[in-house]
Amino acid sequence: MILSIYLYGQPVLRKQTEELTPSPELTTFIADMYETLTQAEGCGLAAPQVGKPWRLFIVDGTELAEDYPECEGFKKTFINPEIIEKCGEQEEIEGCLSVPNEYGYTKRPERVVCRALDRNGNTFEIEGTGLLARCLCHETDHLDGVMFTD
Ligand code: NI
């Protein structure tokens, strides 16, 4: 099911979000998030962007692998994520499905490590560089009510 994407100005995008326990109901919601993200042709989507104040986001970089090799095969669900390491710096153009047609340069770490639970409740850690690092930071920010325009 395609979900509605909440746009800049809606209160849910500014909320501090709640931690989650993976469950079968959540699996359905996550599948809907992937469907929504694919239709919107984005590379990341956080739960507050579809109206839920939960600590959950998804990243699907597979379509971008041609331009960004770091995205090759990268399609993941992050529940209760935290950025546990960051280093370096990059400043690149960013956009957001909740802020259509607006893009701006944002400073981000060049490399991050993110720890999260997968949909089965197993902890994993993943490293991201380049676009992936930006995406992991951007989506984690959404869970703290932070928008790239800030
Ligand atoms: Ni965004």
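Both counts, for ligands and for their atoms, begin at 1 and track the order of listing.
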| Pairs in or reaching into residues 6-33: which pass salt bridge (charged side-chain N to carboxylate O under 4.0 Å, His left out), with residues at least two apart or in two chains? | Arg14-Asp150
| query | When you check the gap from the basic side-chain N to the acidic O, do Glu110 and Lys86 get nearer than 4.0 Å? | reply | no
| remark: Counting only protein N, O or S atoms (no waters) closer than 2.8 Å to the Ni ion (ligand 1) gives 3
| query | Step by step, would you call Gln49 with Met33 a side chain to side chain contact (heavy atoms under 4.5 Å, CB included)? | reply | CA-CA 10 Å; Gln49 293 182 274; Met33 283 182 76; over 6 Å; no
| task | Indicate the atoms forming the closest heavy-atom contact of Leu131 with Cys71, along with that distance. | result | CD2-SG, 3.7 Å
| query | Excluding sequence neighbours, so at least two apart, what forms side chain to side chain donor-acceptor pair (under 3.5 Å) with Glu72? | reply | none
| Fellow cluster residues of Val59, listed by chain then number, with links counted only when side-chain atoms sit under 4.5 Å apart | Phe57, Phe74, Phe78, Ile83, Val112, Phe124, Ile126, Leu132, Leu136, Leu143
